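Comments concern the structure below.
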Amino acid sequence: MSGDEERRSGDRRSSTFLDRFKRGSTDSTAQGPFLDQPGFSEKTPLLSDDEESGADDHHFRAVVREAEMAMAAGVQPERIVQGSSGSYFVKNREGGIIGVFKPKNEEPYGHLNPKWGKWIQKTFCPCCFGRSCLIPNVGYLSEAGASLVDSKLRLNVVPKTKVVKLASPSFNYLAFHRARAKHTKHGLPRKIGSFQLFVQGYKDAEFYLAQFDQLQLPPSTKKDFHQQFERLVILDYLCRNTDRGNDNWLIKYDAAGDGADSDTESAVSAGSSSRNKKKGKGVAGGAVSATAAAASNGVGAPKHPDEDKPLLNSSMTHAADWSMVANPTISIAAIDNGLAFPKKHPDQWRAYPYQWAWLPQAKLPFSEETVQHVLPLLQDESFVDDLVDDLQTLFKLDSAFDRKTFAKQVAVMRGQILNLVQALKDRKSPIGLVQTALFTVTKNKKDQSRKQVFDTKKPCFTWC
């Protein structure tokens, strides 16, 4: 079959599926290719496959299509019990979790948030309502934005996250929408939100960090873990993540010679006709297979069968011992990035510090490998401009997008970039980086020049 014939055949199969899907039960709908394309907005109709051909992540597209087919087959997303917003485990046709979907209108302060905690806080404790440095109700864009920054800098610590539209009866809807879907052919309205791939075999960082302090890891494993930790630091600092605790980034530990987590089943193939199994670290470009947004809602990663076993053989206490066996491998997944990209630095009640700054790893200077990987990119003004343009394209998906507000977000990020560049040049440590004076970089409209504006207002509590 020629390339054109194969493409037309694929289009016909997709069209047949969508036509059959639209004619099916209005109680079970799912529509959701990527929306991170120019010209999209929150209210833009779903693009056809031909119009989406510019998407470069075929695997992510396949996962979303598997989710669509699962919902069409009656396997609906499952609401995550924990957390303060409406977030959902998305499954394949076999019922396995393949992603986490966070609808915009079910975010902590969204009007369709099914959980009452934030409504009570907003109603009875307005003085403690939200974070003044953040733009409300755009957490889904922050999640996707962090994934974009991760991809542009090739950090490979964020599970692939994009903006999609999905509809399912398990989502929270007004009674009007459910009644209309039941008695008409309109179906339930699609919800715009972030879709993050689900990671397998990862646990909350807190679980492993306590054990790493007590056990002697081999030098190669320590070095690899430290470099990944530095990439987490860089991601959080550039995005100014205001919610990075040690319970919302994950670690995957493969014991030496264990291989228990080395064979992971592809989320897509689990639901496809081939039912093949793929080997590798994950399904998202070889970095991490999916999202652990469960942890972002107070849910830890799925329990590992060897959770209660000691991580390392107690006899392996010297470097020489490790030369005799395969060394353990460690992978990091940075999840829960929905409270990043502020329009100003925190300057009221709380400072929202990075909890990783208290870890021993934060006291070590940035490694030469990390410096050589990141510094040339951030020193390239064209690269930074392209990153800003890509973020603007993404953030414009929101119907309430405001250029002036986005300019403030960029001003914060450009200040963070300059601080990071200098810290890398000086071979500072992460703790040295976060102790640097904060400033924003504003742009003069007349001559297009930029100037630094240092923060003079400090939050009341700098430790929380």
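Quick note: residue numbers are just sequence positions, from 1. No hydrogens, no waters, no symmetry mates; every other heavy atom, side chains included, goes into these values. Treat the numbers as computed from the prediction; the structure is a model and nothing was measured.
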* To do: Could you walk me through whether L378 and L153 pass the side chain to side chain contact (heavy atoms under 4.5 Å, CB included) test, one step at a time?
  => CA-CA 9 Å; L378 296 182; L153 286 173; 3.9 Å; yes
* To do: Walk me through it: do N327 and T221 pass the test side-chain hydrogen bond (donor to acceptor under 3.5 Å, both in side chains)?
  => CA-CA 7 Å; N327 289 178; T221 304; 4.7 Å; no
* Given side-chain hydrogen bond (donor to acceptor under 3.5 Å, both in side chains), test Y88 with E106 step by step and report yes or no. => CA-CA 10 Å; Y88 300 84; E106 296 188 37; 2.5 Å; yes
Can you measure from [atom1] ([X]) to [atom2] ([Y]) and round to the nearest 0.5 angstrom?
{"X": "Q392", "Y": "D390", "atom1": "CD", "atom2": "CG", "value": "10.0 Å"}
{"X": "N172", "Y": "H111", "atom1": "CG", "atom2": "NE2", "value": "9.0 Å"}
{"X": "R244", "Y": "D236", "atom1": "CZ", "atom2": "CG", "value": "4.0 Å"}
{"X": "I332", "Y": "L155", "atom1": "CD1", "atom2": "CG", "value": "11.5 Å"}
{"X": "M71", "Y": "R93", "atom1": "CE", "atom2": "CZ", "value": "12.0 Å"}
{"X": "L387", "Y": "L148", "atom1": "CG", "atom2": "CG", "value": "6.0 Å"}

Mark yes or no for whether [X], through its side chain, and [Y], through its backbone, hold a donor-acceptor pair below 3.5 Å.
{"X": "N92", "Y": "E66", "value": "no"}
{"X": "Y173", "Y": "P189", "value": "yes"}
{"X": "Q76", "Y": "S170", "value": "no"}
{"X": "D204", "Y": "E206", "value": "no"}
{"X": "T242", "Y": "R240", "value": "no"}
{"X": "Q409", "Y": "F341", "value": "yes"}
{"X": "D150", "Y": "V157", "value": "yes"}

* Asked: Between F406 and F395, does the ring centroid distance fall short of 6.0 Å?
  -> yes
* So, N241 versus Y352: side-chain donor-acceptor pair below 3.5 Å or not? -> no
* Asked: Hey, are S142 and N337 close enough side-chain-wise for a donor-acceptor pair under 3.5 Å?
  -> no
* Asked: Who are the salt bridge (Lys or Arg N to Asp or Glu O under 4.0 Å) partners of E369, not counting sequence neighbours?
  -> K223
Considering all heavy atoms of both residues, which atom of [X] and which atom of [Y] are nearest to each other, and what is their separation?
{"X": "P159", "Y": "V199", "answer": "CG-CG1, 4.0 Å"}
{"X": "P103", "Y": "G86", "answer": "CD-O, 3.2 Å"}
{"X": "K152", "Y": "D386", "answer": "NZ-CB, 4.1 Å"}
{"X": "K343", "Y": "I135", "answer": "CD-CG1, 4.4 Å"}
{"X": "W356", "Y": "P430", "answer": "CZ3-CB, 4.0 Å"}
{"X": "R154", "Y": "R231", "answer": "O-NH1, 3.1 Å"}

Do [X] and [Y] come within less than 4.5 Å of each other through their side chains, counting heavy atoms only?
{"X": "F195", "Y": "K160", "answer": "no"}
{"X": "S367", "Y": "E230", "answer": "yes"}
{"X": "S399", "Y": "F401", "answer": "no"}
{"X": "I234", "Y": "T370", "answer": "yes"}
{"X": "K191", "Y": "N105", "answer": "yes"}
{"X": "R178", "Y": "P169", "answer": "yes"}
{"X": "I192", "Y": "D398", "answer": "no"}
{"X": "F171", "Y": "P77", "answer": "yes"}

* Tell me, with the steps shown, if N137 and K104 meet side-chain hydrogen bond (donor to acceptor under 3.5 Å, both in side chains). => CA-CA 6 Å; N137 250 40; K104 172 188 175 177; over 6 Å; no
* Any chance you could lay out the side chain to side chain contact (heavy atoms under 4.5 Å, CB included) test for L235 and C239, step after step, and finish with the verdict? => CA-CA 6 Å; L235 172 77; C239 300; 4.1 Å; yes
* To do: Using the side chain to side chain contact (heavy atoms under 4.5 Å, CB included) rule, take R180 and H177 through it: C-alpha gap first, then chi angles, then the decisive distance, then the call.
  => CA-CA 5 Å; R180 187 181 68 170; H177 289 138; 4.2 Å; yes
* Any salt bridge between K102 and E107, counting N to O under 4.0 Å? -> no
* Give me the ring orientation class for Y208 and F212: parallel if the planes are under 30° apart, tilted from 30 to 60°, perpendicular past 60°. => parallel
* Mind telling me whether F225 and F229 have parallel, tilted or perpendicular rings, with 30° and 60° as the class edges? => tilted
* By side chain to side chain contact (heavy atoms under 4.5 Å, CB included), which residues pair with A205, not counting sequence neighbours? -> L209, W249, I251
* To do: Starting from the C-alpha separation in whole Å, work towards a yes-or-no answer on side chain to side chain contact (heavy atoms under 4.5 Å, CB included) for I330 and L217.
  => CA-CA 10 Å; I330 296 177; L217 295 171; 4.0 Å; yes
